[in-house]
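The structure appears below as structure tokens.
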Number of protein chains: 2
Amino acid sequence: MASSPSGALGALDPTSDRAVFRQIADQIREAIDKGRFKEGDKLPSEAELVEHYGVSRMTVRNSLSILQTEGLVVSEHGRGVYVRPRPPVRRLASDRFARRHREQGKSAFIVEAEAAGSKSEVDSLEVGEERPSQDIAARLGSPRRVLARRRRYLLDGRPVEFATSYLPLDLARNTPIAQPNPGPGGIYARLEELGHRLDHFDEEIKARMPTPQEVRTLRLASGVPVIHLIRTAYDTEGRAVEVCDTVMAADAYVLSYRLPAT
Amino acid sequence: MASSPSGALGALDPTSDRAVFRQIADQIREAIDKGRFKEGDKLPSEAELVEHYGVSRMTVRNSLSILQTEGLVVSEHGRGVYVRPRPPVRRLASDRFARRHREQGKSAFIVEAEAAGSKSEVDSLEVGEERPSQDIAARLGSPRRVLARRRRYLLDGRPVEFATSYLPLDLARNTPIAQPNPGPGGIYARLEELGHRLDHFDEEIKARMPTPQEVRTLRLASGVPVIHLIRTAYDTEGRAVEVCDTVMAADAYVLSYRLPAT
DNA sequence: CTTGCCCACTCGTCTATACGAGTATGCGTC
DNA sequence: GACGCATACTCGTATAGACGAGTGGGCAAG
């Protein structure tokens, strides 16, 4: 019997008051947890599950949709339902913007990716002036217009993050910061050259489900949340000189911070 | 016409190749975004949406389930489907474990909650010895057994976080740390009294969808991810003296870190 | 061998129907 | 007024069927 495609799955408990589609989801989840289905494995097809459990197709689909929203499986039209492979993870260390890392010329993203043995790219770089949202304006000291730098990052061909930096116009206009490529060390190096010595960053982190637009941009599987990070850079005079709004695919990141105990 | 319960919603585009249930979800989502349905408002009932769009009930339910997994709405059996209210948010500052905050006697959680005007509780406190998981053991320097302190935090009656602290047994056994209530300043104060002056913390942050067990423990609405934070405390000799594994309801938290630019 | 088509299999969308179960309201009884 | 019950309305669970659309393999024609 274990040779059938559903061999890793048991039978329903008709005396249970747990809904049938939940029982099916439980069994498949357990089979995945215990390794009876491994990453990338194909689950039994809907038709096979219908056969195995003796239920209707919609019930099976209901079960599978639970597992999808939990991020455990992905379905591929015309092919099957697969155990979701865990992508390689990028670690973001809290010292990634330390001054010593700015010497080398490449962007922090690419340097880190190469260190981890991954190929990375930056695409759809857009630079322009715009009116800031209320939130961004408040963080930057209420400028009427800002310079916005938008870009998307890819890791081994997969989009993992998109970010927008906002800078007050009076600070960034007619500087290398307004160029698509701001030069070695990135915009933080340029800011310091312009006399804004950086003092500290504030980072705010939230997690939530993505908007449909974010699902498209990051090609997110269902059941994958996003990490929303808003970083504000302050110079030694206490002025907010940049706000960076970043949305990351949560399954591709671990954030790491080191805090003094004092 | 705007007096009908579905007055905030438009009509379907039969020429679109976008699936009907997605179009319906799009319209409801837009109505929520634009404030035509506000937080806590009741959406039109499934029957009313069936009537309004002229589709079958399963199609409407399909649309609503999309919005549920996006965390936009919650359904209540026998009552209706409601725009999900945004709960009050707890801000966790990166200096929350600073030594100066440990003087006052109360736990960091309760002090912060009261400052924000919320009522907070800690429940289901369990303290005991156990064998550590591989991951925890690795972080603590591979002790064979550890002291585990589990507890759940509630904010205004709602569970928002549960956490487990692990400490090497040789360090915690027969000390106030092994008591349910470790005394003023919490276990960090006790560790320092025991001669382990704290040097720094490492925090690792991930976000993901909750397991069914976490859904129960935190009473999570569907479409709400969790933030998984693992903090390791090091003493001045470089020894890992505690690992704290925390799972938080993502809709209840904003994490905040301040980083030096040096 | 290569090309192109057909077909089987997969998941996606949608309909129509039935009954169960939780909630709230109003009404009648006490 | 307080209580309990009937009822209407809500969402939850499940069935059976139909057709569409993407994928991949096999087979026949070239």
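Convention: sequence-line order gives letters A, B, ...; per-chain numbering from 1. These numbers were taken from a predicted model, which means no experiment stands behind them.
Atom CD of A:Glu46 is separated from atom C1' of D:dG17 by 15 Å (rounded to the nearest Å). Taking atom CD on A:Gln23 and atom P on D:dG12, their separation rounds to 19 Å, with Å as the unit. Atom-to-atom, CD of B:Glu48 to P of D:dA8 comes out at 17 Å; the value is rounded to the nearest Å. Note: CG (A:Leu43) to P (C:dC11) measures 9 Å, nearest angstrom. Protein atom OH of A:Tyr82 is 11 Å distant from nucleotide atom P of D:dT23, rounded to whole Å. Counting to the nearest Å, the P atom of C:dC9 and the CD atom of A:Glu51 are 13 Å from each other.
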Shorter than 3.5 Å, N or O on both sides, protein versus nucleotides 13-17 of chain C: list them out with atom names.
unit_1 : atom_1 : unit_2  : atom_2 : d
C:dT13 : OP1    : B:Arg22 : NH2    : 3.0
C:dC14 : OP1    : B:Val20 : N      : 2.7
C:dC14 : OP2    : B:Val20 : N      : 3.3
C:dC14 : OP2    : B:Phe21 : N      : 3.2
C:dT15 : OP2    : B:Ser56 : N      : 3.0
C:dT15 : OP2    : B:Ser56 : OG     : 3.3
C:dT15 : OP2    : B:Thr59 : OG1    : 2.5

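Contact check of residues 72-79 of chain B against DNA chain D (heavy atom, cut-off under 4.0 Å) returns B:Ser75, B:Glu76, B:His77, B:Gly78, B:Arg79.
The backbone N or O of A:Ala93 sits nowhere less than 3.5 Å from a side-chain atom of A:Ser256 that would complete a donor-acceptor pair. With hydrogens and angles ignored, the 3.5 Å screen pairs no side-chain donor or acceptor of B:Glu39 with any backbone N or O of B:Val83.
A:Glu204 CD: more than 12 foreign heavy atoms inside a 6.0 Å radius.
There is no side-chain donor-acceptor pair under 3.5 Å between B:Arg29 and A:Thr211.
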